[in-house]
J.: 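Please read through the structure below; I'll follow up with questions.
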Amino acid sequence: MRRKSLNFREKGGQAPTRLGASPRFSAGRFSTAGRVTRLYLKKSTCSMTRPVRTRFAPSPTGYMHIGGMRTALFAWLWARHTGGTFILRVDDTDQERNVEAALGPIFRAFEWLGLTWDEGPKVGGSFEPYYQSQRSHLYRAAVDQLLVTGRAFKDFDPPELIAEDRKQAEAAKRTWVNVRRSLELSDDERKRLEETGRPFVVRFLIPRDQKIAIDDAVRGHVEWDCSLMPDPVIMRSNGSFLYNFATVVDDAQMEITHIIRAEEHLANTPVQALIHKALDNPMPVFAHIPFITAPGSTKKMSKRDVDKLRNSPQLKKLFDRADEVFPQLGIGDSKTLNPVMVEYYERLGYLPAGILNALSRLGWSLDGTTEFMSLDDVVKNFTLERIVKAAAGFDPEKLQSFQQHWMNQLPLEDKIVGCLPFLIKTGLVPDQPDDEDRSNVGRVIAAVADRLRVFSDILDYKEFFVADESMTFDQKPFQQRLRDAPEARGLLTAIRDQLATVTPYDATTLDKLVHDFTESNGIKIGQIVHALRVAVTGKSAGVGLFDALAILGRDRSLVRIERALSQI
RNA sequence: GGCCCCAUCGUCUAGAGGCCUAGGACAUCGGAUUUUCAGUCCGAGUACUGGGGUUCGAAUCCCCAUGGGGUCACCA
């Protein structure tokens with residue numbers, strides 16, 4: 001269930017979000033014991049409105065995870081819904097060699113889906129740079145500030161000693177918190193240690209006599225007892241900074257108002273909130289959205305278990321499809337691109353509208369009945385309040401149904417544009433298709449109609465694009481409908497003669513012709529239709545037979561029938 | 001294990017104490033339409049984790065239990 005503690009429940013529209021305006025934020029609300037200190041600083045308790053700014057901070061991993069995309073989408077939606085700003089910031093503190101290359105697929109995914117960012121790589125912005133690796137000076141300054149104000153301290157304890165402490169705590173079944181030996185040092189001792197070059201880390205000093213609470217936009221009130229929290233390292237002994245710290249500095253510096261991220265970060269939040277407080281930052285609103293679980297699983301979907309996913313019955317079809325289609329396109333197979341990657345869907349010819357619709361409905365709903373929504377619809381109606389708390393399973397079937405819906409909405413011309421690249425890449429249509437090629441493709445797509453779910457499905461209708469001599473007959477139906485059906489040969493020959501002369505050669509006329517044919521021969525329609533279908537398309541299933549004949553035209557139909565006859 | 005989060009059909013969800021005999025969608029299963037496949041139309045089955053409270057009344061509020069998950073780094 002939701003509702004209750006949502007202090008910034010939408011009152012509709014573009015109003016800037018009021019931060020901390022509700023009594024929920026009033027200090028002392030969580031003071032169950034006298035000891036508990038007030039939790040919110042003046043800055044966050046005073047009524048203050050800031051324009052909404054949300055962010056997504058991907059690491060350059062070389063691909064865009066579908067679950068990450070959903071998280072990004074929600075952050076983007078909130079920014080767009082409120083008329084705010086959406087920021088992309090690269091978490092590259094790992095300093096990988098080729099950040100740009102590893103970022104490519106990520107930008108590509110955003111661009112494909114049409115999720116534009118207002119600030120970040122490529123577009124810049126007033127809080128540059130947007131790469132964490134280039135922002136060390138800011139982290140450095142923040143560390144210094146905390147050191148000066150006594151909210152952080154240099155810890156000279158060697159890692160082995162800490163490990164020992166931890167082991168002991170574990171043995172005694174105590175919750176481990178670091179021992180603050182370095183805090184006991186006199187100024188002289190500390191100075192001496194530093195002068196001798198003794199390595200140290202900087203730890204943030206947790207106020208252990210407090211509790212820390214947040215009012216999460218989806219989870220409501222969540223609070224932690226600081227006495228159980230170790231002082232987190234914020235700067236390593238080599239002078240680099242930890243994510244948990246850098247992200248706080250960045251969020252504050254970039255004036256992020258709403259931190260919309262996956263639920264797994266909830267556990268990081270008390271430390272981050274505490275650091276925000278210590279830095280005297282306005283407290284952002286946190287919104288921890290549920291993560292997406294793999295189909296048939298309760299665990300979050302990750303690329304680490306792709307092999308497990310491969311065997312899941314729900315996902316098997318998607319993997320198989322990749323293995324069928326990608327090799328034809330020369331882009332590997334399901335090992336190169338799999339269904340946890342956004343690019344998988346792009347390359348297969350899914351529609352942004354389909355993916356976006358499916359992703360929006362995972363952990364969010366407009367009401368009890370609305371399923372199909374355009375991105376604009378979702379932007380208009382998106383509120384944090386309606387985000388569901390429980391984890392949601394990714395359902396490929398449902399995605400398929402969204403995809404199908406949006407594909408059916410598409411005008412023929414757009415379908416042609418979408419299918420053409422697949423036909424060109426597989427050599428079924430020339431690189432520079434002329435009007436004739438295009439209209440032929442259009443006729444096929446029109447006949448394929450709603451059998452076309454994703455653009456690459458057009459590759460299932462190769463028979464209309466290959467030369468008559470190189471079309472293959474599927475063995476099973478050929479056997480069943482032509483060889484094993486005693487009357488097939490005679491009927492096929494007879495209908496061939498009629499097809500040779502009928503005019504015009506269009507679906508309606510052919511339909512009538514075949515029906516008349518069955519009547520005058522006293523046969524059932526099934527007796528001729530199946531044989532004829534296999535003869536001209538090589539397959540037992542596909543577009544309507546009369547459409548198929550009309551697309552092929554008289555000459556090609558006759559050639560194909562002749563060829564089938566000769567192989568019976 | 002500590003801390004934290006979560007819990008309605010197989011799945012995504014609706015549900016703000018009486019509109020609930022629990023609604024919608026996907027999937028499934030029937031039936032109809034049809035030249036195949038797909039589609040479309042009609043119909044069916046399937047859920048409030050359990051136990052205690054509060055209340056005239058609980059899916060909804062409270063407590064406990066159970067189950068699931070996340071997180072516990074000089075990772076991000």
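The sequence lines fix the lettering, A, B, ..., with proteins before strands; numbering per chain opens at 1. Treat the numbers as computed from the prediction; the structure is a model and nothing was measured.
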J.: When you check the side-chain N and O atoms of A:Ser360 and A:Asn357, is any donor under 3.5 Å from an acceptor?
T.: no
J.: Does B:rC72 pair with anything, Watson-Crick or G-U wobble, both distances under 3.5 Å, and if so, with which nucleotide?
T.: B:rG1
J.: For nucleotides B:rC26 and B:rU46, find the distance between their C1' atoms and express it as a whole number of Å.
T.: 14 Å
J.: Base, sugar-phosphate alone, or nothing: which one does A:Ala541 contact when heavy atoms must sit under 4.0 Å apart?
T.: base
J.: A:Thr369 side chain N/O closer than 4.0 Å to the phosphate oxygens (OP1, OP2) of B:rA14?
T.: no
J.: What contact category does A:Glu397 fall into here, base, sugar-phosphate, or nothing, at under 4.0 angstrom with non-hydrogen atoms?
T.: sugar-phosphate
J.: Just to confirm, is there a sub-4.0 Å distance from OP1 or OP2 of B:rU36 to any side-chain nitrogen or oxygen of A:Ser540?
T.: no
J.: When the C1' atoms of B:rU60 and B:rG53 are compared, how many Å lie between them, rounded to an integer?
T.: 15 Å
J.: Is the ring pair A:His405/A:Phe372 parallel, tilted or perpendicular, if the boundaries are 30 and 60 degrees?
T.: parallel
J.: Which label fits A:Tyr345 and A:Tyr350: parallel for a plane angle under 30°, tilted from 30 to 60°, or perpendicular past 60°?
T.: perpendicular
J.: Regarding B:rC37, can its base be found pairing with the side chain of A:Arg451 as donor and acceptor, where the two atoms are less than 3.5 Å apart?
T.: yes
J.: In whole Å, what separates the P atom of B:rA14 from that of B:rG23?
T.: 15 Å
J.: For the C1' atoms, the ones on B:rG67 and on B:rU8, what distance do you get once it is rounded to whole angstrom?
T.: 15 Å
J.: Name the nucleic acid region contacted by A:Gly542, choosing base, sugar-phosphate or nothing; use a 4.0 angstrom heavy-atom cut-off, strictly under.
T.: base
J.: In whole Å, what separates the P atom of B:rU28 from that of B:rG10?
T.: 15 Å
J.: Using OP1 and OP2 only, check whether a side-chain N or O of A:Arg533 sits under 4.0 Å from B:rC37.
T.: no
J.: Roughly how far apart, to the nearest Å, are B:rG43 and B:rA7 at atom C1'?
T.: 32 Å
J.: Would one find a side-chain N or O of A:Arg70 under 4.0 angstrom from OP1 or OP2 of B:rC12?
T.: no
J.: Under a 3.5 Å cut-off for both distances, is B:rA14 Watson-Crick or wobble paired, and to whom?
T.: none
J.: What nucleic acid atoms does A:Arg174 come within less than 4.0 Å of, heavy atoms only: base, sugar-phosphate, or nothing?
T.: nothing
J.: Return yes if the base of B:rG69 and the side-chain atoms of A:Glu263 contain a donor-acceptor N/O pair under 3.5 Å, otherwise no.
T.: no
J.: Mind checking A:Glu170 for me? I need base, sugar-phosphate or nothing, with any heavy atom below 4.0 Å counting as a touch.
T.: nothing
J.: Taking a pair as Watson-Crick or G-U wobble with both distances under 3.5 Å, which nucleotide is matched to B:rC61?
T.: B:rG53
J.: Tell me whether the OP1 or OP2 atom of B:rC6 has a side-chain N or O from A:Lys389 closer than 4.0 Å.
T.: yes
J.: Counting only pairs under 3.5 Å, give me each side-chain donor-acceptor contact of residues 160-170 of chain A, with atom names and distances, residues two or more places apart or in other chains.
T.:
| from | atom 1 | to | atom 2 | distance (Å) |
| --- | --- | --- | --- | --- |
| A:Asp165 | OD1 | A:Arg181 | NH2 | 2.8 |
| A:Asp165 | OD2 | A:Arg181 | NH1 | 3.3 |
| A:Asp165 | OD2 | A:Arg181 | NH2 | 3.0 |

J.: With A:Asp450, which residues qualify under salt bridge (charged side-chain N to carboxylate O under 4.0 Å, His left out), at least two apart?
T.: none
J.: Counting only side-chain N and O atoms of A:Lys398, is one of them less than 4.0 Å from OP1 or OP2 of B:rU11?
T.: no
J.: May I ask you to say what A:Leu545 touches in the nucleic acid, namely base, sugar-phosphate or nothing, with a heavy-atom cut-off under 4.0 Å?
T.: base
J.: Tabulate atom names and distances for all N/O pairs under 3.5 angstrom spanning the protein and nucleotides 73-76 of chain B.
T.:
| from | atom 1 | to | atom 2 | distance (Å) |
| --- | --- | --- | --- | --- |
| B:rA73 | OP2 | A:Arg166 | NH1 | 2.7 |
| B:rC74 | O3' | A:Arg236 | NE | 3.3 |
| B:rC74 | O2 | A:Ser237 | N | 3.2 |
| B:rC74 | O2 | A:Ser237 | OG | 3.2 |
| B:rC74 | N3 | A:Ser237 | OG | 3.0 |
| B:rC75 | OP2 | A:Arg236 | NE | 2.0 |
| B:rC75 | OP2 | A:Arg236 | NH2 | 2.3 |
| B:rC75 | O3' | A:Arg236 | NH2 | 3.2 |
| B:rA76 | OP1 | A:Arg236 | NH2 | 2.7 |
| B:rA76 | OP2 | A:Arg236 | NH2 | 3.3 |
| B:rA76 | OP2 | A:Tyr243 | N | 3.1 |
| B:rA76 | O2' | A:Ser59 | OG | 3.0 |
| B:rA76 | N6 | A:Asn268 | OD1 | 3.3 |
| B:rA76 | N6 | A:Asn268 | ND2 | 3.4 |

J.: Answer yes or no: is there an ion pair linking A:Asp251 with A:Arg55, defined by an N-O contact shorter than 4.0 Å?
T.: yes
J.: Base, sugar-phosphate, or nothing for A:Lys300, non-hydrogen atoms under 4.0 angstrom?
T.: sugar-phosphate
